[in-house]
Structure formats: structure tokens, C-alpha cells
Protein chains: 2
Amino acid sequence: MQAVAERANVSPSTVSLYLRRPEAVAAATGQAITGAIDELGYVPNLVAGGLAAAASRAVSIIVPSVRNAFFAETVAAMQAELGKERLQVMLGHSEYSDREEESLVRTALSWAPSAIVLTGQSHSAGTRKILAAGNTPVVEIWELGGQSIDMTIGFSHDKVGRTAAEYLVGRGRRQLAFLGARMQEDRRANTRAQGFVQEALRLAGLHAEIIGNPARAGVELGALLLGQALERVPDIDGIACSNDHIALGVLFECQRRGISVPGDIAVVGFGDLDFAGSCIPTLTTIRPPGDLIGTEAARVIINHVRGDRSDSHCVIDTGFRLVERQSA
Amino acid sequence: MQAVAERANVSPSTVSLYLRRPEAVAAATGQAITGAIDELGYVPNLVAGGLAAAASRAVSIIVPSVRNAFFAETVAAMQAELGKERLQVMLGHSEYSDREEESLVRTALSWAPSAIVLTGQSHSAGTRKILAAGNTPVVEIWELGGQSIDMTIGFSHDKVGRTAAEYLVGRGRRQLAFLGARMQEDRRANTRAQGFVQEALRLAGLHAEIIGNPARAGVELGALLLGQALERVPDIDGIACSNDHIALGVLFECQRRGISVPGDIAVVGFGDLDFAGSCIPTLTTIRPPGDLIGTEAARVIINHVRGDRSDSHCVIDTGFRLVERQSA
DNA sequence: TTGAAAGCGCTAACAC
DNA sequence: GTGTTAGCGCTTTCAA
């Protein structure tokens with residue numbers, strides 16, 4: 001920056017000012033600086049900038065895993081938006097562990113990020129404490145209805161479960177089950193299951209079974225869970241799944257066993273993943289707005305970085321959408 | 001750090017030393033420092049550390065998109081390994097654009113990262129130039145056989161294509177096609193297609209068709225491409241796909257059209273994605289070692305950070321594996 | 001509209 | 001094994 005300043009016949013602080021607020025510098029001066037930057041191939045050092053400014057242009061995003069298509073979508077959307085503002089995405093994977101999340105938050109804070117993004121609203125006491133101690137803006141995504149730390153963007157998983165129940169009950173289904181994976185760790189899947197059960201009871205006095213498995217959500221698991229469901233609820237006619245992978249496994253297993261979908265059993269998924277529109281039968285599912293969550297999170301962060309604090313403690317309900325197809 | 005030092009009755013530089021190389025400090029001194037850190041809730045400032053050390057503990061990873069399950073797997077594996085060494089993952093998405101990649105590399109360099117990870121070996125001249133100008137270690141992943149910048153970890157996509165062709169030809173298939181998406185942008189898919197065509201010709205003098213589409217790889221596209229394949233090669237009996245999503249779409253469309261797999265058409269995928277083992281029929285596919293690529297990349301980076309330069313300019317062939325199942 | 005000056009919190013020679 | 005010292009490359013008052 002010193003070299004650029006000399007070449008442009010200005011002081012380093014003017015170069016710095018120009019880089020951050022070009023409109024505050026005279027047009028001619030700006031031209032000279034731009035020229036010098038190009039000639040020298042100057043690359044600003046954001047680490048030094050972050051130190052001097054006491055806040056780096058980094059945004060720390062902590063998700064359970066980017067292997068999960070939901071979070072991959074959100075992370076990709078956020079990166080695209082934040083990148084436009086030259087904000088760097090720093091990524092961490094909690095692997096559904098509150099302890100790991102706490103450790104990642106601690107590390108994240110070491111980077112003096114412009115914001116920290118966390119998945120869900122359930123965190124360790126330690127996480128809440130260190131976050132409360134500082135004043136880094138926090139955005140919680142993909143969940144709503146719990147105790148917010150700061151800003152919150154997501155939807156109600158309870159409502160998702162209730163919507164699935166309402167839909168199946170409304171189509172005359174009476175023997176219901178909810179199939180899920182990792183229900184201990186994945187609080188959101190658990191909330192969907194509870195909403196499903198409660199709504200089935202409330203609407204029609206039905207008792208819906210929850211059939212869970214600690215394994216990772218996958219197509220294979222869906223097939224396995226269907227088998228268990230058939231044992232526990234022999235005349236089952238309606239199934240909601242904690243995600244589309246499981247639902248796809250159910251569809252395959254039904255095909256293998258000669259069970260008609262939706263004739264014998266109606267199946268509702270969650271996710272609206274890639275294959276949902278083209279599998280056999282096509283999958284009725286609930287679509288969470290993963291990209292919208294990402295762009296909204298980026299928006300409130302960018303506003304905050306610009307000094308606009310109006311989104312502070314906001315709660316944004318992005319909603320979700322039931323996509324009707326053949327399976328239910 | 002100053003406060004910690006005072007509380008532990010040592011100098012700040014001893015605290016710094018202890019934090020970076022605990023074994024270089026006397027045990028008793030270390031205890032005192034640990035105690036002071038806990039009492040004060042000290043969180044080191046990695047931005048300041050990065051500035052002073054002229055290299056931050058950040059690793060910049062640039063992939064086409066983390067929405068793609070292949071890269072998600074690699075990114076997740078790398079993050080897990082790098083995290084153990086307190087190295088931060090910074091993420092960027094090139095969206096298969098060399099220009100975007102160049103811009104991301106430029107920004108990455110602003111962070112003085114410990115290493116930069118790029119996907120593939122095809123980059124813009126500008127990218128190569130700015131990377132050559134600095135001395136940040138570069139790891140290219142997911143591709144082999146091209147011109148390396150520095151370290152390279154991946155496998156031969158040409159061989160993947162040849163393996164698929166050899167397998168199909170070996171099973172007596174004679175009317176072949178390769179179905180792919182985004183073949184202009186995705187050089188690696190393109191290389192697989194070329195390898196497929198050349199090997200079919202070399203082994204049995206067969207002319208294999210390449211059927212491409214600029215759309216994003218997806219299940220729906222697979223169904224569409226099968227339709228085109230049937231028009232272009234009416235008596236087609238062997239299909240290789242640029243990834244498993246497309247292969248799944250082919251399986252569904254075959255089922256809809258009453259085409260038997262593998263009876264009428266044998267199908268080979270690429271990816272060994274989640275559903276490959278449980279779809280109907282189960283999918284014969286080629287499994288790229290996404291996680292191994294990630295852990296190996298992390299390993300060479302960690303070695304470099306520790307001062308071990310022995311991996312410099314290494315080329316690691318991770319290979320791949322053909323997984324035989326029902327579809328071929 | 002521009003510049004001078006004082007750090008930001010740490011690291012890494014080097015001396016002790 | 002520990003401390004002294006001199007920055008790392010910027011940002012940000014504040015004054016001109």
C-alpha cells in the first residue's frame with residue numbers, strides 16, 4: 001500500500017480510504033491510485049486490514065455437515081451473496097455435536113469474523129456464553145421457534161410435521177408412521193416427528209408411530225425402516241419421512257415387496273431433492289427453502305457490515321412448501 | 001496475551017511460544033500459562049497472529065460447487081483433518097468458471113493462506129500467473145495427467161472412461177453411448193467421455209456416441225438423455241453416465257418405457273452415490289475416492305505448514321474403484 | 001479532500 | 001528456558 005501511495009503521489013491513508021470508500025476521494029486521485037494498483041499488481045492484505053479494523057471480512061458458517069444437501073445449498077447460496085461483498089466464508093462442520101460446535105465457535109471467534117452463522121437453535125451453554133460475551137453478530141438458520149441468540153432465519157419444523165400429518169389424514173390415511181434417522185442428534189428431524197404425531201392425534205385421534213434409527217439418513221436406511229414399520233403397523237397406509245433419501249428407500253422397498261404407492265401406502269418426504277420429481281412414483285414432499293435461507297442470512301450480514309443494525313434480533317420465517325406429486 | 005502473561009508472571013513472548021510449541025516451555029511455566037488462560041477466558045487473535053507470521057492459519061479451498069456431492073465429501077473430509085491442526089477452511093465456489101476461479105484465487109491470496117486448494121488442472125493463464133508470482137503452496141485435486149502447478153491429488157478421468165468402456169465391451173455390449181451434463185464446463189466429465197469413446201474404438205472398433213446437454217447433472221436430465229440416446233442409437237445396449245444422478249434418471253426412464261436393465265441395456269454410473277446400492281436395479285458404478293482426496297490433501301498441507309517440504313510437486317494417484325452391481 | 005501518527009495483537013530473531 | 005525488541009500491513013481518529 002505504501003508503494004501504491006508513492007506511485008500515486010498520495011499518502012497510504014488516502015489509498016486505504018479509496019479502497020474502502022472510493023467516493024470519499026477526489027476522482028483524479030482515485031484514478032491515480034487505480035493506475036498505481038494495476039501497475040504494481042497490488043493485492044491488499046486482508047489479514048492486516050482485519051487486525052487494524054478489529055473485525056475481519058470473514059463470515060464463519062457452522063453447519064452439521066456440508067455433505068447434507070440441505071446445508072450445501074444454503075452454504076453455496078450464502079457464499080455467492082457474501083462473495084459479492086468481498087466477505088470470505090469460513091466453514092466448520094459440527095457433525096451434529098454441540099460440543100464440536102462450541103469448539104468451532106471458539107476458533108471462529110479467534111478470527112474476529114464479521115458474523116457467525118450457526119445451524120439451529122440448540123447450542124451448548126458454553127456456546128451461548130462465549131457468544132454473549134462478545135458482540136459478534138450471530139445468525140441462526142434452519143430453525144425457528146426456540147430461544148434466539150440474535151438474528152434467526154428459518155421455518156418451523158413442528159409445522160412441517162403437522163403439514164405432513166394433515167395432508168395424509170386429509171387423504172383418508174389412518175395408520176400412520178414417521179420414519180427418521182439420527183433422531184437423537186438431529187433435533188429438527190425430531191421436531192418434525194413430534195409435530196407429525198401431535199397433529200395426527202389432534203385432527204383425528206390417531207396414534208402415529210415414530211420409527212427411528214441412529215444411522216445416517218440414507219436410501220438404504222429407508223428400505224430398512226419400511227420393514228420395521230410394516231412389523232410395527234401391519235396395516236400401515238401413510239408414511240412421512242424425515243427426508244427424501246429415506247422416502248426414496250421406502251419407494252424402492254415398496255417396489256421390491258410389491259406394495260403399491262400410493263395405492264397401499266402414501267409416502268411424503270422432506271427436502272424435494274433432485275430425484276423427487278422423477279422417481280417412480282414421483283415423490284410428494286415438503287420443500288425447505290435452503291437457498292432462500294442462505295440469501296437472507298447473507299443479506300442481514302451484509303446490512304450489519306454496512307453499519308445498518310435494523311435487522312438485529314430479527315426473526316425471519318421463510319416458510320416451506322408442500323409439493324404434491326404421485327406418492328401421496 | 002499481555003494480560004495472560006502478567007497473570008502467569010512470564011513475558012508475552014513466552015505465552016506465544018507456549019501456544020505454538022508447548023514442548024519448548026518448561027512444564028511449570030506451561031501450567032501457569034494454562035491457568036491464566038482459563039481464568040481470563042483468553043481467546044487468541046489469529047488475525048494478529050497471521051499478520052505477524054506473514055501466513056495465516058487459513059486454507060482456501062475452491063471447488064466448482066459444494067452442492068455437488070463429490071466436492072462436498074472432499075471439503076468435509078479436508079475440514080475434519082485441517083480442523084485438528086487448527087487450520088481454518090475458507091470456501092469459494094467457482095461454478096465451473098475459470099474467470100470466477102481467478103477472482104477467488106486473488107481474494108484468497110489476500111488472506112495469506114497456508115495453502116490454496118483448487119479443483120482440477122485447467123485454470124486461466126491469470127490464475128497460473130498470480131499463483132506462480134507468490135509462493136503459497138497449491139494443491140490441485142480431483143484430476144491427474146495435466147500440467148501441475150504444485151501438488152496434485154486425484155485420479156485419471158481418462159482411465160475412468162476407459163474402464164467403463166472395457167467393462168461394457170467385455171460383457172458383450174456393442175452399441176454404446178456416454179451420457180453427460182455440462183460437458184463444456186466440466187472438463188473432467190468430458191475427459192471421461194473421451195476415454196470411453198477411445199477405448200471402445202481401441203478394444204473392439206466400436207463407435208460410441210457422446211450425448212451431452214448443457215444443463216446441470218440431475219436425475220431428470222438422465223431421463224431426457226436416455227430418450228435422445230434411443231433416437232441416436234436405436235439398438236443401444238450399453239450406457240455409461242457422467243454421474244450417478246444421470247444413471248438413476250436412466251434407470252427410472254427405462255422402467256417407465258419397459259426397457260429391461262441390464263437385459264436390454266447395461267448402465268454404468270460414476271460416483272457411487274448414496275442410492276447406488278439400493279435402487280432398482282442396483283447400480284454398477286465407478287467410485288471416486290472423494291474422502292481420500294480430502295484427507296490426502298489435508299495431509300500434504302499439514303506437512304507443509306509444519307515445515308516439511310517433501311511433498312512439494314508430488315503427484316498422488318488415488319485411483320478409483322469399479323463397483324459391480326446389477327445394472328451392468 | 002488529504003495526511004500524520006498511533007496503534008491493532010501477535011510472532012520471531014536474537015540475546016540472555 | 002525465557003525475555004527484549006522490532007515489526008507484520010493495514011485502519012482510523014484527528015488535524016490541516
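Numbers restart at 1 for each chain; the letters A, B, ... are given by sequence-line order, proteins then strands.
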Pair A:His123-A:Glu140, side-chain hydrogen bond (donor to acceptor under 3.5 Å, both in side chains): steps then yes or no
CA-CA 10 Å; A:His123 315 286; A:Glu140 289 168 281; 2.8 Å; yes
Distance below 4.0 Å between [X] side-chain N/O and [N] OP1 or OP2:
| X | N | value |
| --- | --- | --- |
| B:Arg20 | C:dC10 | no |
| B:Ser16 | C:dC10 | no |
| B:Thr14 | D:dT2 | no |
| A:Tyr42 | D:dC10 | yes |
| B:Thr29 | D:dT2 | yes |

Taking [atom1] from [X] and [atom2] from [N], how many angstroms apart are they, rounded to a whole number?
| X | N | atom1 | atom2 | result |
| --- | --- | --- | --- | --- |
| B:Leu51 | C:dG7 | CG | C1' | 12 Å |
| A:Asn9 | C:dT1 | CG | P | 19 Å |
| B:Asn45 | C:dC10 | CG | C1' | 7 Å |
| B:Gln2 | C:dG9 | CD | C1' | 10 Å |
| A:Met1 | C:dG3 | CE | P | 13 Å |
| B:Leu19 | C:dC10 | CG | C1' | 10 Å |
| A:Gln31 | C:dT2 | CD | P | 12 Å |
| B:Leu40 | C:dG9 | CG | C1' | 15 Å |

Determine the contact category for [X]: base if any of its heavy atoms lies under 4.0 Å from a base atom, sugar-phosphate if only primed atoms, P, OP1 or OP2 are that close, otherwise nothing.
| X | result |
| --- | --- |
| A:Leu17 | base |
| B:Pro44 | sugar-phosphate |
| A:Val47 | nothing |
| A:Ala53 | sugar-phosphate |

For B:Val10 and A:Ala48, take the nucleotide of DNA chain D holding the closest heavy atom to each; which residue's nucleotide lies nearer the 5' end?
B:Val10
Need to verify one output field. Residue with the more 5' nearest nucleotide on DNA chain D, A:Leu46 or B:Glu23?
B:Glu23
A:Arg21 atom CZ, neighbour heavy-atom count above 12 within 6.0 Å:
no
Look at atom CZ of B:Arg299 and say whether more than 12 heavy atoms of other residues, nucleotides or ligands are closer to it than 6.0 Å.
yes
Given side chain to side chain contact (heavy atoms under 4.5 Å, CB included), test A:Thr119 with A:Ile62 step by step and report yes or no.
CA-CA 7 Å; A:Thr119 308; A:Ile62 298 170; 5.8 Å; no
Among the candidates D:dG1, D:dT4, C:dT1, find the nucleotide nearest to the side-chain atoms of A:Ala26.
C:dT1
Decide, yes or no, whether a salt bridge links B:Arg67 with B:Glu95 under the criterion of side-chain N to carboxylate O below 4.0 Å.
yes
